[in-house]
Amino acid sequence: MSDSFAGTKVPKWAVSKLDSHSNKYIVIPSSVILDGKNCEKLVTAFSYFFVKRGLDNSVTFSVNMIARWCGKTPNRNPTGISAKLLNAVNKLDENEFISVSNNPAGSSIADAEVNLDMITKLCQEDRERFATVYVDEILKIIKYDGLNPANKTLDNDVLLHVFAYLRMMIYRRKSDPSATQYGDNDERRVRTTETYNCYIQDMAEELGLSPAIASDAIAALREMELIYFEPLPRLKYDDSVWRTGHTVFCNWYKRESGYLVAEGSEYYEEEVRNRKKQLKFVPKDD
């Protein structure tokens with residue numbers, strides 16, 4: 001364990017302490033993630049404002065600045081990236097996630113105030129589901145260059161949208177600081193697995209994507225070591241029709257309370273295996 005823990009009260013399950021870069025995160029409410037079905041850049045625009053906000057929750061921006069932050073080239077095409085980002089900014093303003101002072105079209109500079117109190121209310125008081133996404137994860141996704149440039153439908157905005165959805169849906173189990181080592185004799189790992197399983201077709205429909213694009217997105221997230229997944233076998237139902245089984249998803253690692261708690265195959269394989277036991281794909285005593 002790192003010497004940087006000396007003199008601090010360290011959870012026994014901690015792998016390492018997160019640095020100031022990897023410890024910063026934002027919270028994305030489900031209403032933003034699911035509204036992305038009708039406004040494809042919404043999660044990206046939301047992330048921009050909540051990452052860029054200052055101590056007074058204000059952001060000076062232009063649509064072109066957001067486009068460049070996303071690694072895109074601004075354009076004046078009515079259906080291009082700038083128009084889509086402007087639509088997302090207007091949607092966030094309309095829904096009161098931000099308050100924009102003037103017209104931010106193109107290179108025009110505008111000011112926005114981030115409504116952090118509203119996000120807190122949605123997530124804490126109204127109990128709306130949300131995704132906790134770390135800033136370094138967002139930057140990793142928007143800078144990812146492993147996509148096929150010939151595929152204009154799958155881009156970094158889609159990756160961020162799918163990632164936020166999965167991060168929202170994957171169950172988060174609070175670790176027990178009294179455990180001698182993460183997972184040892186922890187019955188909760190079997191009872192409440194940090195996984196999510198669904199039909200990719202259903203996930204794609206909820207996000208406004210084709211199943212093929214959704215599949216390509218989760219494959220890219222796995223390549224980036226952000227999400228792990230396993231497809232389950234096909235099942236034959238009572239009507240004798242074979243149907244594709246669920247896919248089980250798990251985060252690649254677990255961060256909590258300023259620490260990296262678990263990571264890699266020792267983490268996600270155990271979580272997925274326990275979920276498969278619950279679904280009776282693996283015997284409970286195996």
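Between Tyr253 and Tyr268, the distance from one ring center to the other does not fall under 6.0 angstrom.
Atoms NZ and OH, from Lys24 and Tyr134 in turn, are 13.5 Å apart once rounded to the nearest 0.5 Å. Interatomic distance, CD of Glu113 versus CD1 of Ile98, reported as 10.5 Å (0.5 Å rounding). To the nearest 0.5 Å, atom NZ of residue Lys276 and atom CG of residue Asn274 are 11.0 Å apart. Distance CD/Glu94 to CG/Leu92: 10.0 Å, rounded to 0.5 Å.
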For residues 205-216, which side-chain N or O atoms pair as donor and acceptor with protein atoms under 3.5 Å away, sequence neighbours left out?
unit_1: Glu206; atom_1: OE1; unit_2: Tyr165; atom_2: OH; d: 2.7
unit_1: Ser210; atom_1: OG; unit_2: Ile213; atom_2: N; d: 3.1
unit_1: Ser215; atom_1: OG; unit_2: Pro211; atom_2: O; d: 2.9

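The shortest non-hydrogen separation linking Ile119 to Pro29 is CD1-CG, 3.8 Å. The two residues Gly80 and Asn75 have their closest heavy-atom pair at CA-OD1, 3.4 Å. Looking at every heavy atom in both residues, Lys91 comes nearest to Cys39 through CB-SG, 4.3 Å. A pairwise comparison of heavy atoms in Lys84 and Thr79 identifies CE-O, 3.2 Å as the closest pair.
No side-chain heavy atom of Val114 sits under 4.5 Å from any side-chain heavy atom of Phe97. The side-chain heavy atoms of Ile227 and Cys250, taken from C-beta on, include no pair separated by under 4.5 Å. Taking the side chain as every heavy atom from C-beta outward, Asp157 and Ile142 never approach each other to under 4.5 Å. Between Ile170 and Arg167 the shortest side-chain heavy-atom distance does not fall below 4.5 Å. Considering only heavy atoms from C-beta on, Ile26 comes within 4.5 Å of Ser47 through its side chain. Residues Cys70 and Asn156 fail the side-chain proximity criterion, which asks for heavy atoms closer than 4.5 Å. Within the 4.5 Å cutoff, no side-chain heavy atoms of Met65 are placed close to those of Thr60. Side chains of Phe130 and Val32 form no contact here, defined as non-hydrogen atoms less than 4.5 Å apart.
For the side chain to side chain donor-acceptor pair (under 3.5 Å) with Arg172, the lone residue among Thr192, Asn251, Thr132 that qualifies is Thr132. Of the listed residues (Glu271, Glu270, Glu263), just one forms a side-chain contact (heavy atoms from CB on, under 4.5 Å) with Tyr267, and that residue is Glu271.
Classification of Asp136 and Arg255 as a salt-bridged pair holds, one side-chain N sitting under 4.0 Å from a carboxylate O.
Under the 4.5 Å side-chain heavy-atom criterion for ILVMFWY residues, a single connected hydrophobic cluster contains both Leu221 and Leu139. Using a 4.5 Å cut-off between side-chain heavy atoms of Ile, Leu, Val, Met, Phe, Trp and Tyr, with links allowed through other members, Leu166 and Tyr171 fall into different hydrophobic clusters.
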> Going through the distances and angles, do Lys41 and Asp155 end up as a salt bridge (Lys or Arg N to Asp or Glu O under 4.0 Å)?
Replying inline: CA-CA 11 Å; Lys41 308 299 180 186; Asp155 61 11; 3.0 Å; yes
>> side chain to side chain donor-acceptor pair (under 3.5 Å) for Tyr144 and Glu223? Distances and angles first, verdict last.
In response: CA-CA 10 Å; Tyr144 178 68; Glu223 182 178 317; 2.9 Å; yes
> Under the side chain to side chain donor-acceptor pair (under 3.5 Å) criterion, do Glu230 and Thr247 qualify, and how do the steps go?
Replying inline: CA-CA 6 Å; Glu230 283 188 22; Thr247 298; over 6 Å; no
> Could you walk me through whether Leu147 and Leu159 pass the side-chain contact (heavy atoms from CB on, under 4.5 Å) check?
Replying inline: CA-CA 10 Å; Leu147 297 174; Leu159 296 184; 4.0 Å; yes
>> For Asn64 and Ser62: C-alpha separation, side-chain torsions, deciding distance, then whether side chain to side chain donor-acceptor pair (under 3.5 Å) applies.
In response: CA-CA 5 Å; Asn64 289 354; Ser62 70; 5.3 Å; no
> Would Asp19 and Ser22 satisfy side chain to side chain donor-acceptor pair (under 3.5 Å), going step by step from the backbone distance to the final call?
Replying inline: CA-CA 5 Å; Asp19 60 27; Ser22 58; 2.9 Å; yes
>> Go through it in stages, so that I can follow the logic: the residues are Asp117 and Asn57, the test is side-chain contact (heavy atoms from CB on, under 4.5 Å), and I'd like the CA-CA distance, side-chain angles, deciding distance and then a yes or no.
In response: CA-CA 10 Å; Asp117 290 340; Asn57 291 324; over 6 Å; no
> Going through the checks in order, is the side-chain contact (heavy atoms from CB on, under 4.5 Å) test met by Arg127 and Leu122?
Replying inline: CA-CA 6 Å; Arg127 297 295 182 182; Leu122 283 175; over 6 Å; no
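Note: Phe229 and Phe249 have tilted aromatic rings, judged against thresholds of 30 and 60 degrees for the angle between ring planes.
Atom CD of Glu266 sits in a sparse spot, with 12 or fewer heavy atoms from other residues, nucleotides or ligands closer than 6.0 Å.
One side chain, Ser30 or Glu128, offers a donor N or O that lies under 3.5 Å from an acceptor on the other.
When the side-chain hydrogen bond (donor to acceptor under 3.5 Å, both in side chains) test is applied to Lys121, the partners found at least two apart in sequence or on another chain are Asp126.
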